[in-house]
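First up is the structure itself, then whatever we jot down about it.
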Amino acid sequence: MNITFLRTLTDIFYPRRCPVCDRAVRPFGSLVCETCQSEFVRIRQPYCLKCGKELSAETEEYCGDCMRRRHLFDSGRALFAYKSVSDSIYRFKYKGRQEYGAFYAACMAADLGEWIARRRPDALIPVPVHAAKKRARGYNQAQVLARELGRRIHVPVETELVKRVRRTAPMKDLPLAERQNNLKRAFKICRNDVKLDTVIIIDDIYTTGSTIDAMSYELRRAGVKRIYFVTLAIGRGL
């Protein structure tokens, strides 16, 4: 029995949900409803040359966050404006809607695939979640996204290189200084010999970059030379 047939049977008995409206996708077999596919707002130029946040004027090169703060990653890009996709990400992250990952990754490959290819990454690295959170949730949404994206752009995904060894407080309500302290020693490289020159960190949301910076710190200590990130959505910062 081939994979395509099994997926068709699964879709018949357990219909794929639309990432936008969360109803069974129409037309059948699609990743998103035809009437919903333009609802999410994509990040357009001009955008910050460091973190990818959309800028208000073409004369600007960097957002306020990146002008005030030195980041440890080289640069990054995001696909959607967070406000337009926040409800969808919540269901993807907390309500078991892993099937959304296929649509998200297809959009990322179409819009950001060329940017990714120019970096020539050795691997995609999803931001890990603490083991206790993964047990409670059943999966890591960044890992789901990375695997779907890696399959489409033919880049290996490293899921065991970086571990989250400290359970941190939720980041969304913390000011910047507390976000940074919250993530100190949160990540650990689980390999003595890291033979990767260029990596792209994958996550669902970028706000201030504290999580990406914390991972970048450990990856640079392990010898990784070039570190980029790609996220599904990006917020406004602090």
Side-chain angles (χ1 to χ4, degrees), residues 50-52 71-80 89 92-93 98 100-102 104-109 111-135 137-168 171 179-180 182-235:
K50 189 71 174 180
C51 75
H71 289 293
L72 301 180
F73 55 83
D74 290 281
S75 65
R77 290 290 308 278
L79 181 63
F80 296 123
I89 289 178
F92 176 56
K93 196 169 182 173
Q98 295 186 58
Y100 290 4
Y104 295 155
C107 292
M108 292 171 87
D111 286 31
L112 303 177
E114 185 178 340
W115 186 90
I116 293 171
R118 288 200 302 268
R119 271 81 200 153
R120 298 184 178 181
D122 298 310
L124 306 180
I125 302 180
V127 172
V129 296
H130 190 271
K133 280 189 179 180
K134 189 172 182 180
R135 283 195 299 271
R137 196 177 300 166
Y139 59 95
N140 171 7
Q141 76 282 351
Q143 190 175 109
V144 172
L145 189 58
R147 283 177 168 160
E148 289 281 0
L149 180 60
R151 183 169 61 84
R152 282 169 170 78
I153 63 175
H154 309 293
V155 175
V157 178
E158 286 276 0
T159 61
E160 303 298 325
L161 176 62
V162 185
K163 295 288 186 184
R164 198 163 196 144
V165 293
R166 191 164 70 85
R167 190 169 185 176
T168 53
M171 298 281 281
R179 287 179 184 226
Q180 293 170 314
N182 189 41
L183 287 162
K184 283 182 179 178
R185 296 179 295 278
F187 300 106
K188 178 183 178 181
I189 303 296
C190 299
R191 194 180 304 160
N192 292 328
D193 187 15
V194 178
K195 296 180 179 179
L196 300 171
D197 286 329
T198 304
V199 302
I200 296 183
I201 297 171
I202 304 294
D203 204 4
D204 53 348
I205 305 164
Y206 178 104
T207 305
T208 64
S210 297
T211 300
I212 305 296
D213 278 330
M215 280 188 65
S216 297
Y217 175 77
E218 299 298 339
L219 288 165
R220 290 209 187 277
R221 289 182 65 199
V224 179
K225 296 180 177 65
R226 290 170 293 278
I227 302 170
Y228 304 96
F229 76 84
V230 168
T231 60
L232 177 62
I234 195 161

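- Take Arg77 and apply the side chain to side chain contact (heavy atoms under 4.5 Å, CB included) test, not counting sequence neighbours, and it matches Tyr47, Leu112, Trp115.
- Residues Gly52 and Ile234 approach most closely at C-CD1, 4.0 Å, considering heavy atoms.
- Put simply, the side chain of His71 never gets that close to the backbone of Phe73: no donor and acceptor are under 3.5 Å apart.
- Residue Ser216 forms a side-chain contact (heavy atoms from CB on, under 4.5 Å) with just one option from Leu72, Val224, Val199, and that option is Leu72.
- Between Asn140 and Pro128, the closest heavy-atom pair is ND2-CA, 3.7 Å.
- Remark: Lys163 pairs with Glu160 by the side chain to side chain donor-acceptor pair (under 3.5 Å) rule, at least two apart or across chains.
- Inter-residue side-chain proximity for Ile89 and Phe80 is flagged as unmet; no heavy-atom pair is nearer than 4.5 Å.
- Under the side chain to side chain contact (heavy atoms under 4.5 Å, CB included) criterion, Val157 pairs with Leu124, Pro126, Ala146, Arg147, Thr159, not counting sequence neighbours.
- Tyr100 is linked by a side chain to side chain donor-acceptor pair (under 3.5 Å) to Asp22, Arg91, counting only residues two or more places apart in sequence or in another chain.
- Every residue two or more places apart in sequence or in another chain that forms a side chain to side chain contact (heavy atoms under 4.5 Å, CB included) with Arg137 is listed here: Lys93, Tyr94, Val129, Lys133, Tyr139, Gln141.
- Considering only residues two or more places apart in sequence or on other chains, Arg118 meets the side chain to side chain donor-acceptor pair (under 3.5 Å) condition with Glu114.
- In this structure, CD1 in Ile202 is found 8.5 Å from CD1 in Ile212, a value given to the nearest 0.5 Å.
- Each of Arg119, Arg220, Lys50 was checked for a salt bridge (charged side-chain N to carboxylate O under 4.0 Å, His left out) with Asp74, and the lone residue meeting it is Arg220.
- Sequence neighbours left out, the pairs with a member in residues 190-220 that pass ring-ring contact (aromatic ring centres under 6.0 Å, His included) are Tyr206-Phe229.
- The two atoms that bring Phe92 and Gly101 nearest to each other are CE1-N, 3.8 Å, heavy atoms only.
- Leu145 has its side chain out of reach of Leu149: every pair of non-hydrogen atoms, C-beta onward, lies at least 4.5 Å apart.
- Among residues two or more places apart in sequence or in another chain, the side chain to side chain donor-acceptor pair (under 3.5 Å) test is passed with Glu158 by Arg191.
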Exercise for the section: List the steps and the verdict of side chain to side chain contact (heavy atoms under 4.5 Å, CB included) for Arg120 and Thr198. Expected result: CA-CA 7 Å; Arg120 298 184 178 181; Thr198 304; 6.0 Å; no
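- Proximity of Lys134 to Arg164: side-chain heavy atoms (C-beta onward) are nowhere separated by under 4.5 Å.
- Arg221 is linked by a salt bridge (charged side-chain N to carboxylate O under 4.0 Å, His left out) to Glu218, counting only residues two or more places apart in sequence or in another chain.
- A distance-only check finds no donor-acceptor pair linking the side chain of Arg152 to the backbone of Ala105 [under 3.5 Å].
- Two residues are said to be in side-chain contact when any heavy atoms from C-beta on lie closer than 4.5 Å; Ile116 and Tyr228 fail this criterion.
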Exercise for the section: Check the pair Ile189 / Val162 against side chain to side chain contact (heavy atoms under 4.5 Å, CB included), numbers first and verdict last. Expected result: CA-CA 5 Å; Ile189 303 296; Val162 185; 3.8 Å; yes
Handout entry: Full working for side chain to side chain contact (heavy atoms under 4.5 Å, CB included) between Leu161 and Leu219
Key = CA-CA 9 Å; Leu161 176 62; Leu219 288 165; 4.1 Å; yes
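- When the side chain to side chain contact (heavy atoms under 4.5 Å, CB included) test is applied to Asp197, the partners found at least two apart in sequence or on another chain are Asp122, Lys225, Arg226.
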